[in-house]
J.: 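Here it is: the structure, laid out below.
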Amino acid sequence: MSLAETTFSSVIHNNEVSAEIVKWGNNNGFPLYKAKLYNKMDGYVGFSPDNYYIIATRLPPIPGGWKVVVESYEGEERVIPLNVNAAGEVNRFILKMMDEYKKEGLRMELADKPYNSYGTILLDLKVYGHPVLLNAFEDFIENMR
């Protein structure tokens, strides 16, 4: 469901549209921290954990520019087990990427106690957000195993 729409001028280039999405969203009641190109969605997208995203897609050469739409979405919650060391600590690189994905629009909550699963020490991470963003984060975690 569309919550708001606007257009950006054709003078805004590809490398500037992400910053414009964030600036426009923050000025119009749809706050975001970050937006970037998502090929799966055919545009530049900024996600919010508050069940909306802003997407900018290129308009035809005439009139040119960008169509910008704020859409609501039904968020998902997933539990992702993270590998931890013997002290129950998560890898620093994974923690850094968790912070980046929070900026991109995921809400995360790390469990307090690690557990042993078939000889591997794990810690559950509860993640909430848009399915596209969740899939990207899960792929990152899977590639870190």
Side-chain angles (χ1 to χ4, degrees), residues 1-10 12-60 65-145:
M1 180 176 132
S2 179
L3 303 174
E5 277 190 41
T6 191
T7 56
F8 289 165
S9 166
S10 60
I12 296 174
H13 300 286
N14 289 353
N15 57 346
E16 302 166 333
V17 75
S18 293
E20 288 297 316
I21 289 170
V22 172
K23 186 167 65 174
W24 182 87
N26 291 339
N27 290 337
N28 290 282
F30 299 102
L32 299 173
Y33 288 107
K34 190 175 181 179
K36 67 182 195 178
L37 177 63
Y38 276 89
N39 290 325
K40 290 180 180 181
M41 297 181 75
D42 295 325
Y44 290 83
V45 184
F47 294 100
S48 169
D50 297 326
N51 293 351
Y52 65 84
Y53 64 91
I54 303 173
I55 183 167
T57 54
R58 188 168 286 288
L59 290 169
W66 301 88
K67 178 181 179 182
V68 181
V69 180
V70 181
E71 296 277 343
S72 63
Y73 70 87
E74 190 66 39
E76 289 183 15
E77 184 174 284
R78 298 183 191 165
V79 176
I80 302 171
L82 300 177
N83 292 348
V84 295
N85 63 18
E89 299 167 337
V90 178
N91 176 305
R92 278 188 255 155
F93 181 67
I94 289 177
L95 290 173
K96 183 175 180 170
M97 289 306 292
M98 284 170 55
D99 287 339
E100 285 301 310
Y101 275 93
K102 285 178 186 176
K103 290 176 189 171
E104 288 184 31
L106 290 179
R107 201 176 312 143
M108 300 184 191
E109 182 182 327
L110 198 55
D112 294 331
K113 294 183 181 180
Y115 61 95
N116 191 317
S117 177
Y118 300 104
T120 303
I121 303 171
L122 301 171
L123 192 61
D124 283 341
L125 177 66
K126 194 182 299 183
V127 185
Y128 176 83
H130 191 281
V132 169
L133 198 52
L134 281 171
N135 290 340
F137 181 69
E138 272 189 321
D139 289 346
F140 163 74
I141 295 297
E142 193 60 37
N143 288 331
M144 290 298 295
R145 293 187 201 275

J.: For the atom pair CD1 (Ile80) and CD (Glu142), what is the distance rounded to the nearest 0.5 Å?
T.: 10.0 Å
J.: Heavy-atom distance under 4.5 Å between the side chains of Asn14 and Trp66, does that happen here?
T.: yes
J.: Do side-chain atoms of His13 reach the backbone of Asn15 as a donor and acceptor pair under 3.5 angstrom?
T.: no
J.: Nearest 0.5 Å, what's the NZ-CG distance between Lys40 and Asn135?
T.: 6.0 Å
J.: How far apart are the closest heavy atoms of Met41 and Tyr53, and which atoms are they?
T.: CE-CE1, 3.6 Å
J.: Applying the side chain to side chain contact (heavy atoms under 4.5 Å, CB included) test to Thr7, which of Leu59, Val68, Val69 qualifies?
T.: Leu59
J.: First locate atom OH of Tyr115, then atom OG1 of Thr120, and finally report the distance between them rounded to the nearest 0.5 Å.
T.: 10.0 Å
J.: Side chains of Leu3 and Ser72: does their closest heavy-atom pair fall under 4.5 Å?
T.: yes
J.: Heavy-atom distance under 4.5 Å between the side chains of Leu133 and Tyr38, does that happen here?
T.: yes
J.: Is it the case that the side chain of Ser48 and the backbone of Leu32 share a donor-acceptor pair, with hydrogens and angles ignored and the cut-off at 3.5 Å?
T.: no
J.: Please report the shortest heavy-atom distance between Met144 and Phe93, naming the atom on each side.
T.: CE-CD2, 3.6 Å
J.: Quick one: pull up CD in Glu76 and CG in Leu106 and give me the separation to the nearest 0.5 Å.
T.: 11.0 Å
J.: Has Tyr33 got more than 12 heavy atoms of other residues, nucleotides or ligands less than 6.0 Å from its OH?
T.: no
J.: What's the shortest heavy-atom distance between Pro49 and Arg107, and which atoms?
T.: O-NH2, 2.6 Å
J.: How many angstroms lie between atom CD1 of Ile54 and atom CD of Glu20, to the nearest 0.5 angstrom?
T.: 12.0 Å
J.: List the steps and the verdict of side-chain contact (heavy atoms from CB on, under 4.5 Å) for Asp99 and Met108.
T.: CA-CA 9 Å; Asp99 287 339; Met108 300 184 191; over 6 Å; no
J.: Within a strict 4.5 Å, meaning less than it, do heavy atoms of the His130 and Val45 side chains meet?
T.: no
J.: Within a reach of under 6.0 Å around NZ of Lys67, are more than 12 heavy atoms found that belong to other residues, nucleotides or ligands?
T.: no
J.: Under a 4.5 Å cut-off applied to non-hydrogen side-chain atoms, are Trp24 and Val70 in contact?
T.: yes
J.: Are Tyr44 and Phe8 close enough that their ring centers fall under 6.0 Å?
T.: no
J.: Distance from Asn83 atom CG to Ile141 atom CD1, nearest 0.5 Å?
T.: 9.0 Å
J.: Is there a side-chain contact between Leu110 and Leu82, using heavy atoms and a 4.5 Å cut-off?
T.: yes
J.: So, for Gly43 and Thr57, which heavy atoms are closest and what is the spacing to 0.1 Å?
T.: CA-CG2, 4.2 Å
J.: If you take all heavy atoms of Pro114 and Ile121, which pair is closest and at what distance?
T.: CB-CG2, 3.8 Å
J.: Specify the closest pair of heavy atoms between Phe30 and Ala4, including all atoms of both residues, with the distance to one decimal.
T.: CE1-CB, 3.8 Å
J.: Quick one, Arg78 with Phe137, criterion side-chain contact (heavy atoms from CB on, under 4.5 Å). Give me CA distance, side-chain angles, the key distance, then yes/no.
T.: CA-CA 11 Å; Arg78 298 183 191 165; Phe137 181 69; over 6 Å; no
